[in-house]
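Notes follow once the structure below has been shown.
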Amino acid sequence: MSVTVLNHSLIKHKLTNIRKTQTTTKDFYQNVNEIAGLMAYEITRDFPLKPVEIETPICKSVQYELANEVVIVPILRAGLGMVDGIRSMIPTAKVGFIGLYRDEETLEPHEYYAKFPETVKNSIVLLVDPMLATGGSASSAITMLKKRGCKDIRYVGLVAAPEGVRTLQKDHPDVPIYLAALDEKLNENGYIVPGLGDCGDRLFGTR
Ligand SMILES: O=P(O)(O)OC[C@H]1O[C@H](OP(=O)(O)OP(=O)(O)O)[C@H](O)[C@@H]1O
Ligand SMILES: O=c1cc[nH]c(=O)[nH]1
Ligand SMILES: [Mg+2]
């Protein structure tokens with residue numbers, strides 16, 4: 001399935017802000033949300049619409065609204081940093097949660113939480129996590145969503161390594177991938193290079 005790196009000057013500018021080591025927790029969180037909002041605007045461009053009959057102050061008229069419910073599913077913790085920005089664009093979206101952490105030694109993902117709106121399986125699911133490194137977390141999260149019957153899943157991330165993109169494409173070829181940037185590689189500790197460091201820690205001021 002497709003990999004789309006969104007080519008937008010504001011996204012690039014804000015991404016540079018969050019890559020800088022000296023960016024504060026407050027500015028980091030704000031920029032992540034702003035990038036997520038801009039990405040949502042671009043990604044939803046072709047979402048299906050359905051005709052609805054409405055009444056303007058002047059006359060009856062057939063107009064259009066989103067045909068599908070949207071459910072945003074952040075992978076905890078770092079995915080939480082993208083939720084408000086996307087909700088500012090799609091305020092009717094519901095929100096589910098997947099808790100995963102990556103073992104620092106093995107880099108294997110471990111599941112610790114899952115909670116979804118009942119409508120998730122018939123919705124367009126935006127799975128959000130700023131970092132796609134080995135791809136293990138995103139791949140597990142997609143498997144969890146598919147087990148619950150989700151059929152239309154789209155992955156939205158800020159920074160990816162080529163290794164993570166390859167893993168997702170191999171494990172879930174039906175899931176389109178949207179990114180703000182595709183970086184060079186992973187380092188020996190499984191961090192994206194040049195990347196932005198540990199996104200969860202930088203968003204929430206831990207460590
Ligand atoms: O592609 P992968 O190799 O699986 O790595 C990416 C994952 O690592 C980070 O989460 P982390 O495990 O640090 O959890 P946190 O968000 O709670 O800090 C990140 O937010 C992704 O979920
Ligand atoms: O570079 C990386 C890789 C995984 N998780 C992060 O937060 N950053
Ligand atoms: Mg982390």
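All values below were derived from every heavy atom in this structure, side-chain atoms included, with hydrogens, water molecules and symmetry-related copies excluded. Atoms within a ligand are numbered from 1 in the order they appear, just like the ligands themselves. All values derive from a computational prediction rather than experimental measurement.
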Check for me whether Arg202 has a heavy atom closer than 4.0 Å to any atom of ligand 2.
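Arg202: no contact with ligand 2 (<4.0 Å).
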Could you list which atoms of ligand 1 come closer than 4.0 Å to a heavy atom of [X]?
| X | answer |
| --- | --- |
| Met131 | 6 (C), 19 (C), 21 (C) |
| Tyr101 | 12 (O) |
| Arg102 | 2 (P), 3 (O), 4 (O), 5 (O), 8 (O), 12 (O) |
| Thr134 | 1 (O), 2 (P), 3 (O), 4 (O) |

Can you see whether [X] engages [Y] through a side-chain donor-acceptor pair at a distance of less than 3.5 angstrom?
| X | Y | answer |
| --- | --- | --- |
| Asn17 | Asn31 | yes |
| Asn68 | Lys50 | no |
| Asp201 | Thr206 | yes |

Taking distance alone, with no angle check, do Ala133 and ligand 1 share an N/O pair under 3.5 Å?
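So ligand 1 has an N or O lying under 3.5 Å from an N or O of Ala133.
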Leu132 to ligand 1: N or O pair under 3.5 Å?
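No, Leu132 has no N/O under 3.5 Å of an N/O on ligand 1.
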Among [options], which one puts a heavy atom closest to [atom]?
| atom | options | result |
| --- | --- | --- |
| atom 8 (N) of ligand 2 | Ala133, Pro194, Ala160, Gly197 | Gly197 |
| atom 1 (O) of ligand 1 | Ser137, Gly164, Gly135 | Gly135 |
| atom 21 (C) of ligand 1 | Leu100, Thr206, Asp129 | Asp129 |

For the 3.5 Å polar cut-off, considering only N or O atoms, please tell me whether Gly200 and ligand 2 meet it.
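In this structure, Gly200 places no N or O atom under 3.5 Å from an N or O of ligand 2.
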Should Met131 be counted as touching ligand 2, given the test is an N or O pair under 3.5 Å?
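The answer is no, given that Met131 and ligand 2 share no N or O pair closer than 3.5 Å.
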What's the separation between atom [atom1] in [X] and atom [atom2] in [Y], rounded to the nearest 0.5 Å?
| X | Y | atom1 | atom2 | answer |
| --- | --- | --- | --- | --- |
| Glu34 | Ile18 | CD | CD1 | 10.5 Å |
| His172 | Ser140 | NE2 | OG | 7.5 Å |
| Leu196 | Phe28 | CG | CZ | 4.5 Å |

Listed pairs under 3.5 Å, donor-acceptor, residues 129-137 side chains, sequence neighbours left out:
{"residue": "Asp129", "atom": "OD1", "partner": "Met131", "partner atom": "N", "Å": "3.2"}
{"residue": "Thr134", "atom": "OG1", "partner": "Gly136", "partner atom": "N", "Å": "3.1"}

Check this for me, if you would: do Lys185 and Asp183 make a salt bridge, where the nitrogen-to-carboxylate-oxygen distance has to be below 4.0 angstrom?
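No.
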Contact atoms of ligand 2, heavy-atom distance to [X] under 4.0 Å:
| X | answer |
| --- | --- |
| Gly190 | 3 (C) |
| Ile192 | 1 (O), 2 (C) |
| Cys199 | 6 (C), 7 (O) |

If you draw the axis of the six-membered ring of Tyr191, does the NZ or CZ of Arg102 fall within 45° of it and under 6.0 Å from the ring centre?
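Yes, Arg102 sits over the ring of Tyr191.
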Heavy atoms, side chains only, cut-off 4.5 Å: are Thr119 and Lys94 in contact?
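Contact flag for Thr119/Lys94 side chains = yes.
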